[in-house]
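These notes are about the structure you will find just below.
Per chain, numbering begins at 1; letters A, B, ... match sequence-line order.
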Amino acid sequence: MSEFHIYNSYTRQKEKFAPITPGYAGLYVCGPTVSGESHLGHARPYITFDVVQRYLTHLGHKVRYVRNITDAGHFEEEGRDAQDKVSEKAKLEKIEPMEMVHKYTSLFHYGMRLFNCSEPSIEPTATGHIIEQIDMIQTIMEKGYAYEVNGSVYFDVTKYAADYPYGKLSGRVLEDQLETTRDLDGQDEKRNKVDFALWKKAPPQHIMRWNSPWGEGFPGWHIECSAMSSKYLGVTFDIHGGGMDLQFPHHESEIAQSTIAHGHAPVNYWMHNNMITINGKKMGKSYNNVIKLSELFSGNHPLLEQPYHPMVVRFYILQTHYRSTLDFSNEALQASERALRRLWEAYEVLKKLNHSGNATPQETALDAQVTTWCHECADFMNDDLNTAKVIANLFELAPVINGIKGGQVAPDALSADTFSLLNDTYRIYLEEILGMQALQVEQTDKLDKVLSLLIEIRKDAKKRKDFATSDLIRNQLAESGVMLKDEKDGNVSYTIE
RNA sequence: GGUCGGAUGGCCGAGUGGUUAGGCUCAGCUCUGCAAAAGCUGCUACAGCGGUUCGAAUCCGCUUUCGACCUCCA
């Protein structure tokens with residue numbers, strides 16, 4: 001595909017991406033609820049949409065990427081006692097709500113940095129946009145699609161569904177919802193069970209509360225995304241992303257609210273990433289099978305055989321198409337680790353190859369093949385972000401790179417143009433679009449000098465056929481995580497784990 | 001129960017009508033003081049049963065089975 005196509009969850013088909021304003025792209029992604037630490041499952045949307053953002057930028061769009069922080073806390077809408085998640089947890093931990101919100105927001109940012117996820121252009125918080133949310137609720141009420149009961153405001157889903165295609169995004173029928181929605185206590189206020197809260201009256205013990213035309217309370221879960229996305233991206237914007245599990249009710253409700261408040265649908269392209277599973281089950285709080293990011297990086301979790309580098313996790317996620325489920329296993333992560341090491345090593349080799357090159361290639365067939373592999377990367381990205389295939393092609397190119405270095409491939413096998421294309425492809429796709437970084441520790445000059453000294457001593461020992469000394473140096477360094485490699489030309493290189 | 005989506009070689013995972021996906025593992029070879037790395041070669045699968053077709057992993061039907069959503073959830 002020569003143009004960027006994305007699978008639109010709303011229409012259930014791949015569509016050519018055409019931004020509302022040519023040259024600009026608006027992207028909104030549902031961010032974290034900072035009432036706890038992020039886990040492996042959360043990493044997927046943020047990494048996926050980081051690649052979306054990077055790719056849109058690569059295509060020349062000026063991207064405004066908005067990712068919110070949910071710090072107001074939702075209530076258990078259909079649940080037992082209406083309660084604010086954030087403040088409840090805070091009481092248990094005996095810290096202030098703001099303290100906890102700050103703590104988990106910082107941890108989230110730390111994780112994002114390790115994953116090399118670009119910062120969003122705007123990261124709005126729900127608590128910072130209470131006024132916007134109240135305004136939007138009022139508009140919906142004025143239009144007659146919301147009603148107040150006892151200090152709470154609910155969206156009238158039944159009325160909405162009579163006029164608009166409610167349930168289209170999540171593929172469900174209102175009648176079924178009316179029948180299958182559970183009968184729970186404390187829902188007498190609502191006209192219909194399917195109605196969702198826009199504003200909720202705060203019970204006396206509730207810590208987080210704001211004044212509103214309906215008394216003290218707090219906003220419903222869905223309204224924050226609608227209020228903030230329309231404020232920063234406009235009442236209709238290009239792409240809205242998030243996990244598949246948010247399709248219903250969260251995204252469906254966003255569509256309903258915005259459609260009434262603004263008179264038309266809010267989003268042109270809905271993108272949803274699939275779940276990460278563990279032993280076949282979705283990773284989630286309710287299943288008690290989460291691996292937190294800090295545990296993943298430290299290896300400190302019963303299910304983990306070893307720690308995993310953030311880049312390994314990123315690579316592991318991008319090796320699978322974002323709309324497929326991805327099953328966690330130590331074996332899969334370890335395979336990704338080895339694979340990434342090899343691929344990145346090839347990239348390092350490529351950067352160091354000196355290739356003046358000729359106008360015509362020495363091996364035409366190989367030259368043509370390399371050119372094809374390079375050009376295909378764009379097609380794969382354009383085909384709904386097929387990062388798996390991009391990575392496959394980068395692997396196809398690795399033996400060519402290593403072959404040039406190792407002498408199995410002639411230095412002038414590729415033309416100068418093709419060689420330059422190969423360089424660009426690795427830099428652009430591996431580094432800029434997939435956002436991969438080196439696994440190994442950044443080397444300081446001092447360390448390099450020490451290692452160079454050891455390498456010289458070992459070279460000398462080898463020359464004297466003193467293999468005992470040379471092996472001692474190599475083995476001792478290996479134990480410290482420094483791997484020496486004897487190159488063909490007699491040079492020695494090293495990598496640090 | 002309703003809606004939707006899967007089932008691919010030892011493992012992970014692309015792929016929608018005919019062509020080698022790719023990675024990891026494993027085996028052999030080349031290079032090498034040895035090792036590692038690298039290169040080459042091999043292992044070739046599409047849940048089952050029917051159907052459509054010259055030809056199906058890919059389309060249709062049925063069966064089995066797993067999961068997601070329907071409740072906070074990335």
Review point. Say you pick atom P in B:U32 and the same atom in B:C26; how far apart are they, in whole Å?
Key: 24 Å
### Message
Under 4.0 Å, heavy atoms only, any strand: does A:N386 hit a base, just the sugar-phosphate, or nothing?
### Response
sugar-phosphate
To the nearest 0.5 Å, atom CG of A:D471 lies from atom CZ of A:R458 at 7.0 Å
Annotated structure of RNA chain B as dot-bracket, pair cut-off 3.5 Å, Watson-Crick or G-U only, | for inter-strand, is (((((((..(((.....[...))).(((((.......)))))....(((((..]....))))))))))))....
Could you run down the sub-3.5 Å N/O contacts of the protein with nucleotides 9-13 of chain B?
{"unit_1": "B:C11", "atom_1": "O2'", "unit_2": "A:E331", "atom_2": "OE1", "d": "3.3"}
{"unit_1": "B:G13", "atom_1": "OP1", "unit_2": "A:D327", "atom_2": "N", "d": "3.1"}

What class does the angle between the rings of A:H39 and A:H42 fall in, given that below 30° is parallel, 30 to 60° is tilted and above 60° is perpendicular?
tilted
Q.
Just to be sure I understand the rule, does A:G242 reach a base, reach only the sugar-phosphate, or reach nothing, if contact means heavy atoms closer than 4.0 Å?
A. sugar-phosphate
Test for a donor-acceptor pair under 3.5 Å between the base of B:A35 and the side chain of A:R474, counting only N and O atoms.
yes
Q) Which part of the nucleic acid, if any, lies within contact of A:Q247, taking any heavy atom under 4.0 Å across all strands shown: a base, the sugar-phosphate backbone alone, or nothing? A) nothing
* Between A:R172 and A:F248, is NZ or CZ placed under 6.0 angstrom from the six-membered ring centre and within 45° of the ring axis? -> yes
Is the phosphate of B:G39, meaning OP1 or OP2, less than 4.0 Å from a side-chain N or O of A:N402? yes
| said: Please confirm whether the ring centroid of A:F115 lies under 6.0 Å from the ring centroid of A:Y46. | reply: no
| query | Ring centroid separation for A:Y316 and A:Y308, is it under 6.0 angstrom? | reply | no
Inset, instruction - Look at A:K281 and B:G67 and indicate whether a side-chain polar atom (N or O) is within less than 4.0 Å of OP1 or OP2. - result: yes
Under 4.0 Å, counting only non-hydrogen atoms across every strand here, what does A:G171 touch: a base, just sugar-phosphate, or nothing?
sugar-phosphate
>> Applying a 4.0 Å non-hydrogen cut-off, can you work out what A:M483 is touching in the nucleic acid: base, sugar-phosphate, or nothing?
In response: nothing
Comparing nearest nucleotides in RNA chain B, the 5'-proximal residue of the pair A:Q334, A:K465 is A:Q334
Distance col, row A:M381:CE vs A:I6:CD1, nearest 0.5 angstrom, shows 11.5 Å
I'd like to know whether A:D383 forms a salt bridge (Lys or Arg N to Asp or Glu O under 4.0 Å) with A:K14, so could you lay out the CA-CA distance, the side-chain angles of the two residues, the decisive distance to 0.1 Å, and finally the verdict. CA-CA 8 Å; A:D383 186 11; A:K14 286 180 192 172; 2.8 Å; yes
Could one point to a donor on the side chain of A:D486 or the base of B:C34 with an acceptor on the other under 3.5 Å away? yes
To the nearest angstrom, the CG-P distance between A:L293 and B:A74 comes to 12 Å
_Please give the distance between the C1' atoms of B:C62 and B:U20 as a whole number of Å._
34 Å
Residues passing the salt bridge (Lys or Arg N to Asp or Glu O under 4.0 Å) test with A:K459, sequence neighbours excluded, are A:E456
When the P atoms of B:G61 and B:G9 are compared, how many Å lie between them, rounded to an integer? 24 Å
Q. C1' atom, B:G18 versus B:A57: distance in rounded Å?
A. 13 Å
Distance test, side-chain N/O of A:R172 to OP1/OP2 of B:C4, below 4.0 Å: no
* Counting any heavy atom closer than 4.0 Å, what does A:H250 reach on the DNA or RNA strands: base, sugar-phosphate only, or nothing? -> nothing
Which of parallel (below 30°), tilted (30 to 60°) and perpendicular (above 60°) describes A:Y166 and A:Y160? perpendicular
Assert: residue with more 5' nearest nucleotide on RNA chain B, out of A:F467 and A:I391, is A:I391
*asked:* Does B:C24 have its OP1 or OP2 closer than 4.0 Å to a side-chain nitrogen or oxygen of A:R342?
replied: yes
Atom CG of A:L484 and atom C1' of B:C34 are separated, to the nearest Å, by 14 Å
| CZ of A:F467: more than 12 outside heavy atoms within 6.0 angstrom? | yes
*So what does A:K462 hit on the nucleic acid, given a heavy-atom distance under 4.0 Å: a base, only sugar-phosphate, or nothing?*
base
- prompt: So, is A:Y287 close to the B:U71 phosphate, meaning a side-chain N or O under 4.0 Å from OP1 or OP2?
  reply: no
Taken to the nearest whole Å, CZ/A:F315 to P/B:C24 is 9 Å
Rounded distance in Å between the P positions of B:G10 and B:A45: 10 Å
**Asked** Looking across every strand, which nucleic acid part, if any, lies under 4.0 Å from A:F395 by heavy atom: base, sugar-phosphate, or nothing?
**Response** sugar-phosphate
**Request:** Report the C-alpha distance between A:R341 and A:E345 in whole Å, list the side-chain angles of each, state the deciding distance to 0.1 Å, and finish with yes or no for salt bridge (Lys or Arg N to Asp or Glu O under 4.0 Å).
**Result:** CA-CA 6 Å; A:R341 279 225 155 81; A:E345 183 64 20; over 6 Å; no
